[in-house]
Q: 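The structure is given below, and queries will be raised subsequently.
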Amino acid sequence: MNPTTETTHTSPDGVFHRLGPLSEIPIGEARAYAAAGQQIAVFRLRSGRLQATDASCPHAGGPLADGQTDETIVICPLHSNTFDLATGTSPSGAPPLTCYPIRVSDDGIIEVAVGQY
Amino acid sequence: MTTITSMPAQRQPTEPPRQHLVVIGNGMAGVRTIEEILTRGGASLFDITVFGDEPYGNYNRILLSNVLAGIEDEKEIFLNPLDWYRSNGIRLHAGVRVTRIDRYAKAVFAADGTAVGYDKLMIATGSRAFIPPIDGVYQPDGGLTPGVFAFRTLDDCRQMIAAARGHRAAVVIGGGLLGLEAARGLQNHGLDVHLLHAAPTLMNAQLDAEAGQILRRGVEALGITVHTLAMTTAVLGDDAVVGVTLADGTHIPADMVVIAAGIRPNSELGAHAGLDVERAIVVDDQMRAVDDPDIYVVGECAQHRGEVYGLVAPLWEQAIVLADHVTGTNPAATYHGSKIATKLKVAGVDVTSMGLKEPEHADDEIVRFVEPKHGVYKSIVIRDGKLVGATLLGDVRKAAFLIQAFDRGLPLPEARLEMLFDLGTPPEAVGAAELADDTQVCNCNGVTKASLVACVTSGQKTVSGVMATTRAGKGCGSCKTLVAQIVEWAAGGAVERDESADWYVPAIPMDKPTLITALRERELRSVSAVFDALAPGGQEDAGSKMALTSLLRTVWGRDYIDERDARFINDRVHANIQKDGTFSVVPQIAGGVTTPAQLRRIADVADKYNIPMVKITGGQRIDLLGVRKEDLPKVWSDLDMPSGYAYGKSFRTVKTCVGLEFCRYGLGDSTALGIAIEKRFQGLESPAKLKLAVTGCPRNCAEALVKDLGAVAIEGGQWQIYVGGAAGAHVRKGDLLATVDTPEQVITLTGRFLQYYRENAKWLERTYSFVPRLGIDKIRAIVVGDSDGIAADLDARMQQAIDAYTDPWLEGRDPATPGQFQTSLPLVELPKVPMR
C-alpha cells in the first residue's frame with residue numbers, strides 16, 4: 001500500500017492520475033497521495049462527495065489529511081486554520097490551497113487531475 | 001407666522017412612507033442614539049433632523065478636561081464630523097437652539113425661526129453647568145462676569161485656555177470630579193490654583209471621608225491649594241475678577257474663577273411642553289416621556305425610575321433600548337436602570353468607585369485597607385454575598401475584577417482579602433483599559449490589543465466573532481478571559497450578547513447539561529447521530545466533532561459508537577502530532593516510578609527507530625519525539641507499555657515525590673497512592689487535560705498545590721486534597737477540597753470530583769477556571785457533603801467509565817481503519833527536528 005505508486009491516464013479534461021482504491025479512505029477521513037511530484041490530500045466527505053487539495057497547509061506545512069472535516073471545510077491539525085474544500089480559500093486568513101478535479105473510475109480507483117491540462 | 005416645512009419628497013412611490021424623526025440635542029446621547037437607530041435600518045424608516053445648540057459636529061465632552069490640560073488637541077475629540085451627517089442623509093441645524101415644542105401640532109420651533117414637524121421626537125438636551133448663587137458672578141446684562149467661567153462646553157474650554165495665558169491665579173469652585181480636573185488642567189497652564197469645596201472632603205459623592213482625605217493629600221502634593229468647608233459668598237471685582245470671599249471672611253486673590261459646582265438637566269423644553277418633569281424629564285422603561293408616546297428622552301435630561309445619570313455608560317444602554325423600540329427591532333426592549341462603576345484618573349490619582357461608598361445596613365460587610373502615606377485606599381461593601389460597592393484609590397489593580405463582580409453579581413471569594421489584593425489568585429492585575437495597544441494578548445497566534453480593538457471598531461461586536469476573525473484565543477485558549485474583557489471594553493459596553501457563548505459546541509444550540517439530557521433521552525450514541533438529531537438543518541460541523549466525541553464517551557462509556565472522523569488526529573493515532581507531522585510517544589510510567597528493564601526497552605526503541613529526541617517530561621515521564629506515523633504500531637509493540645495519554649483531552653499523569661520509602665521527611669506513601677490513582681483513572685476522557693500529583697509531606701516536592709488535583713500527606717496520617725491548581729499559562733494555587741484520613745478516601749473523592757468536572761465543565765475548560773467559576777464551597781458541598789444527593793450516581797458513572805478502559809495502543813496490532821498509520825505528507829523528508 002505504497003501511496004506514491006501512481007499511473008496516469010489522459011482524458012478530455014487533462015491528465016488524470018490514478019491514486020488508489022476509494023475503499024482505502026474511510027468515510028469522513030482523508031488520505032494523502034503523491035502524484036506528478038505534488039502532495040495531494042483526498043477527502044471523502046460523509047455525504048460521499050470527494051474533494052482533492054494540496055496536502056500541506058500553506059501556513060506552516062501541517063498535514064491536512066490529518067485534519068477534521070465537514071461538508072464545507074477542513075481544519076488543519078497544527079494551528080486550526082480552516083480551508084474551504086471546494087474553493088481552497090481560507091476563512092481563517094491563511095493563503096489559499098489549490099483544489100484539483102477528482103473522479104472515481106469504473107473500477108473504483110480515485111483519479112485526480114494534476115499539472116498540465 | 002412661521003410655516004411648518006415638510007421634508008423633501010424624493011422617495012420612490014413604492015417605498016413605505018418614512019416618518020420624520022426630530023432630535024433636539026447634538027451631544028453624545030443624541031448622536032449615539034441616532035447611530036444605534038441607523039444600525040437597525042433606521043435610514044429606511046426615518047428622515048432625521050438634528051438641532052444642536054453648539055455650532056459644531058458632535059464631540060466627546062468627557063475629553064474636554066484633557067483638552068484643557070493640553071493632553072489632547074480639540075480636533076481629536078470630535079466624534080462625528082459634518083460629513084457624517086451628510087453621508088447619512090441627516091439634516092443638521094448646528095448652533096440653532098430649539099425654543100418650543102408644540103405637542104398638539106407635533107412641531108418644534110427654533111430661535112432662528114425654523115419650524116419643523118415631527119412624527120417622533122427625541123429630546124437629548126443634556127445638562128448645563130450649575131452656577132450657585134454667589135454675589136458678583138453675573139453682570140447686570142445676565143452674562144458671567146469677565147474672568148468667571150463655567151466648565152461645560154467646548155467654547156467654555158477654549159475661553160479658559162485663552163484666559164489662562166494672561167492670568168496668574170485661579171480659583172476653582174467645586175471639589176467634585178469636574179472641579180478636580182479643571183484645577184489640574186489650569187495648573188498645567190502654569191497658574192497658581194486654589195480649589196474651594198463646600199463639603200468637608202473631596203469627591204464626597206463617590207468617596208467616604210477617609211478616602212476623600214487621602215485624595216486631598218494627593219492633590220495637594222501636586223501643588224494645588226485645597227480649601228474644604230469653603231462656602232464662596234462673593235466674586236470680587238467689577239470689570240475683571242480680583243478674588244473671592246468665603247463665608248468665614250477669608251479673602252483669596254485670583255484673576256480667574258472657574259465654577260464646577262455640578263450640573264443641572266436641561267429639562268425646561270419638556271416642562272414647557274407639559275411633560276412630567278421632576279429632577280429631569282420622567283421616562284418609562286422604553287425611554288418615552290410618560291405622558292407622550294411619540295416623545296423619547298435620552299441621556300442626562302432623562303429621569304428613569306428616580307435616577308438621573310450624569311455619566312456616559314448608562315447613556316449607551318439607554319440608546320440601545322430607545323433604538324430597539326423606535327425602530328420596532330425589539331418592541332419589548334426595556335431599560336432597567338444602570339449600575340454605575342467609574343474608573344478615572346483624577347488630578348493624577350487613580351480612582352475607581354462603584355455602588356455604595358459605605359455600608360447602609362447593620363449586616364452589610366465592609367472590608368477596608370488604608371495606607372495614607374502611600375495614598376492607597378481600598379474598601380468593598382458586601383451584602384448577602386454580593387458586591388454592592390467598592391472604592392479604590394491609588395492602587396486600582398483589582399478594578400477589573402471588582403467591576404465585573406459588581407456588574408454581574410459574581411460569587412465572591414471566601415477570603416475577602418483576595419478581592420483587594422492578589423494573593424496568588426489568577427491575576428486581574430491589568431485591566432483591559434490599561435493594557436498598551438501593542439501588548440500581545442494571544443501569545444499563540446500573535447494578536448495584539450490593537451488588532452482586537454480594530455476588529456471591534458470595524459463592527460464585530462461579539463466575543464466569539466472577534467475570536468473567529470482575529471484567531472485570538474484559538475491557540476491554548478488561556479487568554480480567552482482577557483480577550484473577552486478587551487472586546488467588552490472596546491465595545492464600550494455595547495458588546496452584543498453572544499447566545500452561543502453558553503453552548504457546549506458551536507453547531508448545537510444547547511448548553512452542556514441540556515445536551516447531556518438530550519443525548520440520554522434520545523439515545524444518541526454517535527457524533528453523526530447527534531448532528532442529524534440536534535444540529536440546525538442536520539448540518540455537521542468540523543469544529544464541533546472533537547468536543548462531541550469526548551462528551552459521548554463520557555456519557556456512554558463502552559456503549560459509545562465510534563466514528564473515527566469525529567476524532568482529532570491525536571485520538572485517531574494515539575500520539576501527539578508535532579510541527580513536522582511526526583508524533584510524540586509517551587508510555588505510561590505510573591507515578592513516575594520506572595525500572596531498569598523499562599528504561600532499557602525505551603533506549604532500544606529509540607535506537608531502532610532513529611528517534612531524534614528523547615526527553616524527560618514535566619510529568620515525570622519519557623517522551624519519544626519525532627516518531628513517524630507509520631512507525632507508531634511497531635514502536636508501541638516494541639515498548640510493550642500502555643499509552644501514557646500525553647496527547648488527549650484526558651487524564652494524563654500523576655506526579656509523585658518519593659514519599660515514605662526513602663525520604664526522611666515523608667509522612668504518607670505518595671508513590672503508592674500516585675500509582676494507584678494513575679492506574680485507576682488512566683486514559684479517562686475529560687473536558688480538558690488533567691494533571692495530578694501526590695506528595696508525601698507539606699514540602700510539596702511534587703507540586704501538588706498547582707495541579708488539577710493534588711493530594712498532600714500531612715502529620716497524623718491525613719491527606720489534604722487540593723483542586724483547581726495550575727502552573728502553566730495560568731498560575732493558580734489549588735483550593736482545599738477536603739482533608740481525609742485514608743488513601744482510599746483520597747481515591748474516592750478524586751473519582752467523584754473528576755466525574756463532576758467531566759459532567760459539568762465546558763469543553764476545554766481547565767479545572768483552574770471551572771473551580772473558581774462554580775466556587776470551591778459549592779463543589780465541596782456537592783462532592784464531599786453530597787448536598788445534591790448525587791454522590792452515589794457520580795461514583796457509579798465513574799466506575800462505568802473506568803470499566804470501559806482499554807489500552808488504545810493495542811490498535812497497533814489491528815488498525816481500526818484502512819491506512820490508519822499511513823503518512824499524510826508522503827514526500828516530505830523526515831525527520832526534520834535535529835538529532836541530539
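Because the structure is a prediction, the values reported are computed rather than measured.
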Q: Which atoms of B:Ser528 are under 4.5 Å from chain A, going by heavy atoms: the side chain, the backbone, both sets, or neither?
A: side chain
Q: Only pairs of heavy atoms separated by less than 4.5 Å count here; which of A:Ser23, A:Ala30, A:Pro77 has the most with chain B?
A: A:Pro77
Q: What distance do A:Thr72 atom OG1 and B:Asp541 atom CG have between them, rounded to the nearest 0.5 Å?
A: 8.5 Å
Q: I want to check something: taking the side chain as every heavy atom from C-beta on, are A:Pro63 and B:Ile577 in contact at a cut-off of under 4.5 Å?
A: yes
Q: Working to the nearest 0.5 angstrom, can you tell me the gap between A:Ile27 CD1 and B:Thr817 OG1?
A: 12.0 Å
Q: Heavy-atom cut-off 4.5 Å, strictly under: side chain, backbone, both or neither for A:Thr82 against chain B?
A: neither
Q: Taking all heavy atoms of B:Leu825 and all of A:Ala55, pick out the closest pair and write down the distance.
A: CD2-O, 3.9 Å
Q: With rounding to the nearest 0.5 angstrom, report the CD to CD distance, B:Gln820 to A:Glu29.
A: 8.0 Å
Q: Determine the option with the most heavy-atom pairs under 4.5 angstrom with chain B, choosing from A:Arg46, A:His79, A:Glu71.
A: A:Arg46
Q: Within this structure, what is the CD-CG distance for the pair A:Gln68 and B:Asp565, rounded to the nearest 0.5 Å?
A: 8.0 Å
Q: When you measure from the side chain of B:Lys545 to the backbone of A:Thr69, do you find a donor-acceptor pair of N or O atoms at a distance under 3.5 Å?
A: yes
Q: Counting heavy-atom pairs under 4.5 Å to chain A, which of B:Gln539, B:Gln578, B:Arg572 comes out on top?
A: B:Arg572
Q: Please check if the side chain of B:Arg564 supplies one atom and the backbone of A:Pro26 the other of a donor-acceptor pair under 3.5 Å.
A: no
Q: Select one option (side chain, backbone, both, neither) describing which atoms of A:Ala41 are under 4.5 Å from chain B's heavy atoms.
A: neither
Q: Taking atom CD1 of A:Ile25 and atom CD of B:Gln822, what is their separation to the nearest 0.5 Å?
A: 8.5 Å
Q: Nearest 0.5 Å, what's the CD1-CD1 distance between B:Ile569 and A:Ile75?
A: 13.0 Å
